[in-house]
Every structure is written in structure tokens, then in C-alpha cells.
Amino acid sequence: QVQLVESGGDYVQAGGSLRLSCVASTTRFSFTYMNWYRQAPGKEREWVGRISSGGRTNYGDAVKGRFTISTDKGAKTMFLQMNSLKPEDTGVYYCMLDRGEVYWGQGTQVTVSS
């Protein structure tokens with residue numbers, strides 16, 4: 001069983017930066033991929049990016065070049081560094097761990113003002 005807790009969401013002006021964290025509570029921090037998703041009000045959940053257990057990253061087109069995913073396996077934590085934020089980045093950000101079974105966090109709110 002894995003519990004995921006996101007944090008770091010905040011209210012920020014356009015052009016600013018935030019770093020989100022996703023801490024996993026588990027005795028075995030193993031995964032195939034860890035992902036970030038986001039959901040804006042009235043919209044479907046959107047994939048942001050992922051990191052493999054080997055450290056390879058992939059990003060959605062909307063965030064490529066601005067967002068960076070990393071992990072600290074010793075701390076059982078995944079990070080999402082978000083730079084050059086835009087109002088359209090506003091939403092609830094969720095982390096998801098995939099190791100065959102899929103686990104989701106409860107989300108953290110990011111609001112970017114214009």
C-alpha cells in the first residue's frame with residue numbers, strides 16, 4: 001500500500017516559480033513511473049509529465065521546457081519544479097505512482113494570476 005501526499009501549491013504571479021513535492025508513505029519505494037497530473041476547473045485531468053525509476057523524464061507539450069520532474073529516492077519524494085508559470089497552469093496538481101498498481105495523492109492547488 002502507498003499513500004501519496006502533495007504539498008507546495010500556492011498563489012503566484014505569472015512568470016513566477018513553484019516547487020511541488022509528493023511524499024510517498026510506503027515501506028517499498030519502487031515504481032515503474034511516477035507522474036504529475038493537473039486539473040483545471042471545468043476541465044479534464046491533464047497529464048503533466050513523468051519520471052521512470054531510472055530517472056528518464058517525459059513532459060506534456062504544454063509544460064515542456066518550463067517544468068522539471070525529479071526524485072529523491074532516499075526521501076521517497078518526487079518534485080515538480082515549475083518555472084515561467086502562466087495563468088493556464090492554474091489547477092489542482094496530483095501525483096501518481098505506477099507500479100502495476102496505481103496510487104494517487106489528494107492534490108495541491110496552484111493558482112497563477114495574470
Side-chain angles (χ1 to χ4, degrees):
Q1 191 72 8
V2 180
Q3 289 187 321
L4 302 173
V5 178
E6 302 95 334
S7 63
D10 206 343
Y11 182 97
V12 63
Q13 289 192 333
S17 298
L18 283 176
R19 188 172 84 152
L20 306 184
S21 299
C22 170
V23 179
S25 295
T26 177
T27 56
R28 181 172 63 95
F29 187 59
S30 65
F31 55 90
T32 305
Y33 290 102
M34 287 193 76
N35 295 260
W36 285 101
Y37 284 79
R38 66 186 182 186
Q39 188 165 21
K43 295 190 175 181
E44 294 189 352
R45 193 168 292 191
E46 174 189 24
W47 178 72
V48 173
R50 69 181 184 181
I51 187 166
S52 72
S53 61
R56 186 175 67 251
T57 54
N58 302 96
Y59 300 95
D61 288 341
V63 307
K64 202 171 295 183
R66 300 187 298 121
F67 290 11
T68 303
I69 297 173
S70 61
T71 58
D72 179 343
K73 292 186 176 180
K76 301 179 183 179
T77 301
M78 175 176 64
F79 301 100
L80 178 66
Q81 177 66 44
M82 305 187 294
N83 299 327
S84 302
L85 283 162
K86 305 175 181 180
E88 51 263 44
D89 294 319
T90 294
V92 179
Y93 282 69
Y94 300 90
C95 63
M96 183 265 269
L97 184 149
D98 180 0
R99 61 183 192 196
E101 310 115 358
V102 170
Y103 301 92
W104 290 89
Q106 85 292 343
T108 185
Q109 175 71 47
V110 172
T111 304
V112 184
S113 67
S114 57

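Atoms considered below: every heavy atom in the structure, side chains included; atoms not considered: hydrogens, waters and symmetry mates. What you see is a predicted model; the values in this text were computed from it and never measured.
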**Item:** Residues Phe67, Val48; criterion side chain to side chain contact (heavy atoms under 4.5 Å, CB included); working and verdict
**Value:** CA-CA 9 Å; Phe67 290 11; Val48 173; 3.8 Å; yes
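- Residue pairs satisfying the side chain to side chain donor-acceptor pair (under 3.5 Å) criterion with at least one member in residues 51-63, sequence neighbours excluded, are listed as follows: Tyr33-Arg56, Arg50-Asn58, Asp61-Lys64.
- For the atom pair CZ of Arg66 and OG of Ser84, the computed distance is 7.0 Å after rounding to the nearest 0.5 Å.
- Ile51 CD1 to Ser70 OG: the interatomic distance, rounded to the nearest 0.5 Å, is 6.5 Å.
- The aromatic ring centroids of Trp104 and Tyr37 lie less than 6.0 Å from each other.
- Note that OH of Tyr93 and CH2 of Trp36 are 10.0 Å apart. Values are rounded to the nearest 0.5 Å.
- Of all heavy-atom pairs spanning Val110 and Asp89, the tightest one is CG1-O, 4.3 Å.
- A distance of 9.5 Å separates CZ of Arg45 from CE of Met96, quoted to the nearest 0.5 Å.
- Nearest heavy atoms, Val112 versus Thr90: N-OG1, 2.9 Å.
- Under the rule for a salt bridge (Lys or Arg N to Asp or Glu O under 4.0 Å), Glu88 has no partner lying at least two apart in sequence or in another chain.
- Around the CD atom of Gln109, the shell of radius 6.0 Å holds more than 12 heavy atoms that belong to other residues, nucleotides or ligands.
- Between the CD atom of Glu44 and the CZ atom of Arg38 there is a distance of 14.0 Å, given to the nearest 0.5 Å.
- Taking CD from Gln39 and OH from Tyr94, the interatomic distance works out to 5.5 Å, rounded to the nearest 0.5 Å.
- Residue pairs meeting the disulfide bond (SG atoms under 2.5 Å apart) criterion with at least one partner in residues 24-87, sequence neighbours excluded, do not occur; the list is empty.
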**Asked** What's the verdict on side chain to side chain contact (heavy atoms under 4.5 Å, CB included) for Ile69 and Phe79, showing C-alpha distance, side-chain angles and the deciding distance?
**Response** CA-CA 6 Å; Ile69 297 173; Phe79 301 100; over 6 Å; no
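- Applying the salt bridge (charged side-chain N to carboxylate O under 4.0 Å, His left out) test to every pair with at least one member in residues 67-83, sequence neighbours left out, gives no pairs at all.
- Summarising the geometry of Glu6 relative to Gly107, their closest heavy-atom pair is OE1-N, 2.8 Å, with the distance given to 0.1 Å.
- In this structure, Trp47 is not a member of the same hydrophobic cluster as Met34, with clusters built from ILVMFWY side-chain heavy atoms closer than 4.5 Å.
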Would you give me the side-chain donor-acceptor pairs under 3.5 Å for residues 7-26, sequence neighbours excluded?
unit_1	atom_1	unit_2	atom_2	d
Ser17	OG	Asn83	OD1	2.9
Thr26	OG1	Arg28	N	3.2
Thr26	OG1	Arg28	O	3.2

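- In the hydrophobic clustering of ILVMFWY residues, with side-chain heavy atoms under 4.5 Å counting as a link, Val102 and Val5 come out apart.
- Glu101 meets the salt bridge (Lys or Arg N to Asp or Glu O under 4.0 Å) test with Arg99; sequence neighbours excluded.
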